Amino acid sequence: MMKKTTNHISHHVPRKGAPSARRWLPTLSLRDYGFCMATLLLFCLGSLLYQLNGGPPQMLLDLRLYLGNSTFLDDHGLPAPKVLPFPSQVVYNRVGKCGSRTVVLLLRILSEKHGFNLVTSDIHNKTRLSKSEQMELIKNISTAEQPYLFTRHVHFLNFSRFGAEQPVYINIIRDPVNRFLSNYFFRRFGDWRGEQNHMIRTPGMKEEERYLDINECILENYAECSNPRLFYIIPYFCGQHPKCRDPGEWALERAKQNVKENFLLVGILEELEDVLLLLERFLPHYFKDVMSIYKNPEHRKLGNLTVTVKKTFPSPNALQVLYQRMKYEYEFYHYVKEQFHLVKRKFGLKSRVKNTPSREIFVPIPIPLETEEPIEDEEEQDDKWLEDIYKR
């Protein structure tokens, strides 16, 4: 007898009373869902009340007390405060026609590289300020994010007089006659960037004034070539006192005193590379690697474009008159130059400038061939073309 065979297929049948897998999944009723949404809405309203009333509502305070007073700050402490370099407040009240255009361009590049706050001004041709204007400017500078470097053509400001912390000052000056000649011809003919810019700067200048011979201007005692217009550099260091505008011993001595007490460094344009080296030594957070940028071929090319064109030198007689009129300017220039060379010797920098004659013997001083000129009144607009070249 043969056994009947059948295919056996097993089926798993759950035992009666065994827990089902579906029972482990949470199920929410409409009532539970409404409770969750109400809780979320209550939290949002509590946060809103916190911001509107300047603090948490009592309900959240009670909740914190119930849950415990431990917070993230209790466990981890306050974040480390921002470490500021010293000094963290620097003012460069740049003297016109003393290479400040070059330095400002370098500062724009360095501020992006090192992360300091470069503060500039939309006002470029107002150096003398009323008391209220001084207070307003000092307030704006002092509240800038630190570390900052503020730069503008403005006479020295005494921050401590108005109860503010005195910043560190830096500046650069130049041989007074060369500065005057550079300004004289630049106002009339501009520089190598194009002959149009001088027409924009001095649109009201008549043709006879534009082409006025420099010797005639000096010897015939025109206002532009006489005091107080020639008394230009000292007020940047003397300050905002009315007597700082009068050529004389008082302004000269006060300027010297401010250089000694408030200026970290005053360099001379004829030795600009040494000025930059010392600034890098004194203010590394601001000027580190400045020489590598300054010696960049593109930067050198830009420097040649900003040299004043059509510049001629006065006759010996006219120069003699200029030197006599600028005797206080030259006394200050020689004082700054001596102090600058003293600092250079302390740091092992040798002067590469030839020995100049005694200050009592007035002879023409050669104009530096690679002097980069600053732009005063239209600086913001003219900086655009310089920055575009560096972005290429």
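Given the structure is predicted, the values throughout are model-derived calculations rather than measurements.
Of all heavy-atom pairs between F332 and K256, the closest is CE1-N, 4.1 Å. Residue R108 comes nearest to T120 through the heavy atom pair NH2-CG2, 4.5 Å, listed as atom of the first residue, atom of the second, then distance. Residue A251 comes nearest to D246 through the heavy atom pair CB-O, 3.8 Å, listed as atom of the first residue, atom of the second, then distance. The two residues T127 and V154 have their closest heavy-atom pair at O-CG2, 3.6 Å. Minimum heavy-atom separation, L322 to C225: CD2-O, 4.5 Å. The nearest pair of heavy atoms linking C244 to R254 is SG-CD, 4.5 Å.
Both cation-pi conditions hold for K97 and F186: the charged atom is under 6.0 angstrom from the six-membered ring centre and inside a 45 degree cone around its axis.
Q257 and E261 are linked by a side-chain donor-acceptor pair at a separation below 3.5 angstrom, with hydrogens and angles left out of the test. Side-chain polar atoms of Q134 and Q240 form no donor-acceptor pair below 3.5 angstrom. Using a 3.5 Å distance cut-off with no hydrogens or angles, the side chains of N221 and R325 do pair a donor with an acceptor.
Within a 6.0 Å sphere centred on CZ of F162, heavy atoms belonging to other residues, nucleotides or ligands number more than 12. Environment of NZ in K288: sparse, with no more than 12 heavy atoms of neighbouring residues, nucleotides or ligands closer than 6.0 Å. Remark: M291 CE is packed, more than 12 non-hydrogen atoms of other residues, nucleotides or ligands lying under 6.0 Å away.
Side-chain rings of Y232 and F180 stay apart, their centers remaining 6.0 Å or farther from each other. Taking the six-membered ring for Trp and the full ring otherwise, Y222 and Y184 have centroids separated by 6.0 Å or more. Checked against the 6.0 Å centroid threshold, F116 and Y286 count as a close aromatic pair.
Aromatic ring pairs are classed by plane angle as parallel below 30°, tilted from 30° to 60° and perpendicular above 60°; the pair Y328 and F231 is perpendicular. Note: Y236 and H153 have perpendicular aromatic rings, judged against thresholds of 30 and 60 degrees for the angle between ring planes. Between F159 and Y169, the ring planes are perpendicular. Angles over 60° get that label, and only those under 30° would be called parallel.
Ion pairing between a basic and an acidic side chain is recognised when a charged N comes within 4.0 Å of a carboxylate O; E224 and R187 show such pairing. K131 and E136 are not joined by a salt bridge, as no carboxylate oxygen comes within less than 4.0 angstrom of a charged side-chain nitrogen. Ion pair K126/E133 flagged as a salt bridge, since at least one NZ, NE, NH1 or NH2 atom sits closer than 4.0 Å to an Asp/Glu carboxylate oxygen.
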**OP:** Applying salt bridge (Lys or Arg N to Asp or Glu O under 4.0 Å), run through E271 and K337 and close with a yes or a no.
**Re:** CA-CA 10 Å; E271 302 173 46; K337 190 174 183 179; 5.2 Å; no

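Panel note: side chain S88, backbone L84; no donor-acceptor pair is recorded below 3.5 Å. In this structure a side-chain-to-backbone donor-acceptor pair under 3.5 Å is missing from N158 to G239.
Under the side-chain contact (heavy atoms from CB on, under 4.5 Å) criterion, V119 pairs with N117, A144, Y148, F150, not counting sequence neighbours.
Looking at I233 and Y333, their side chains never come closer than 4.5 Å, going by heavy atoms from C-beta outward.
Looking at V321, I214, L219 one by one, the single match for side chain to side chain contact (heavy atoms under 4.5 Å, CB included) with P314 turns out to be I214.
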